[in-house]
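Heads up, the thing below is written out as structure tokens.
Excluded from the calculations below are hydrogen atoms, water molecules and symmetry mates; all remaining heavy atoms, backbone and side chain alike, are included.
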Amino acid sequence: MGCARSVISDDVVLMDNINCGEPMCIGTPEDVRRQVQSIIQATKGRGIILSSGCTLGANTKPENMEALIQAAREFGTEERLKTM
């Protein structure tokens with residue numbers, strides 16, 4: 001995603017998925033958090049939509065969805081992005 005962001009202009013919004021199997025379904029909240037942080041760091045938070053992937057299975061852990069939201073809020077803040 002970082003490579004895509006570097007060659008595509010900032011006025012184009014990219015969408016990157018947190019894998020719906022690993023980590024969303026069978027991973028831990030920390031696994032989800034790391035993947036969110038990695039995407040935000042790679043793109044420097046510019047023009048990115050984070051998604052849970054194509055679908056979420058019924059056995060997706062609610063705490064992993066919460067981790068996705070919390071990590072996006074934490075790592076996507078203006079203050080955090082300035083340090084990247």
Query - Close side-chain approach of I49 and D16, heavy atoms under 4.5 Å - result: no
Query raised in the report: Looking just at side-chain N and O atoms, do Q70 and E74 make a donor-acceptor pair shorter than 3.5 Å?
Result: no
Report task. Taking the side chain as every heavy atom from C-beta outward, state whether I18 and I39 have any pair of such atoms under 4.5 Å apart. Result -> yes
Report summary line: When every non-hydrogen atom of P29 is compared with those of A67, the smallest separation belongs to O-CB, 3.6 Å
Query raised in the report: Quick one: side-chain hydrogen bond (donor to acceptor under 3.5 Å, both in side chains) partners of R73, sequence neighbours excluded?
Result: none
Query raised in the report: Would a 4.5 Å heavy-atom cut-off, applied to side chains only, mark L50 and N17 as touching?
Result: no
**Report entry** Beyond-backbone contact of M15 with I48, side-chain heavy atoms, under 4.5 angstrom
**Finding:** no
Query raised in the report: Between K61 and C25, which heavy-atom pair has the shortest distance, and what is it?
Result: CE-O, 3.6 Å
Query raised in the report: What residue among E22, Q37, M24, E63 forms side-chain contact (heavy atoms from CB on, under 4.5 Å) with V32?
Result: M24
Report task. Please identify each residue that fulfils salt bridge (Lys or Arg N to Asp or Glu O under 4.0 Å) with E30, with sequence neighbours left out. Result -> R33, R34
Report task. Identify the two heavy atoms, one from P23 and one from D31, that lie closest to each other, and give their separation to 0.1 Å. Result -> CB-CB, 3.5 Å
Report summary line: Distance col, row T60:OG1 vs M65:CE, nearest 0.5 angstrom, shows 9.5 Å
**Report entry** Nearest heavy-atom neighbours spanning L56 and C20
**Finding:** CD2-CB, 4.4 Å
Query raised in the report: Do the side chains of L81 and K44 get nearer than 4.5 Å, heavy atoms only?
Result: no
Report task. Answer yes if I8 and I40 sit in the same cluster of Ile, Leu, Val, Met, Phe, Trp and Tyr residues linked by side chain heavy atoms under 4.5 Å apart, and no otherwise. Result -> yes
Requested in this report: Please identify each residue that fulfils salt bridge (Lys or Arg N to Asp or Glu O under 4.0 Å) with D10, with sequence neighbours left out.
Outcome: R5, R46
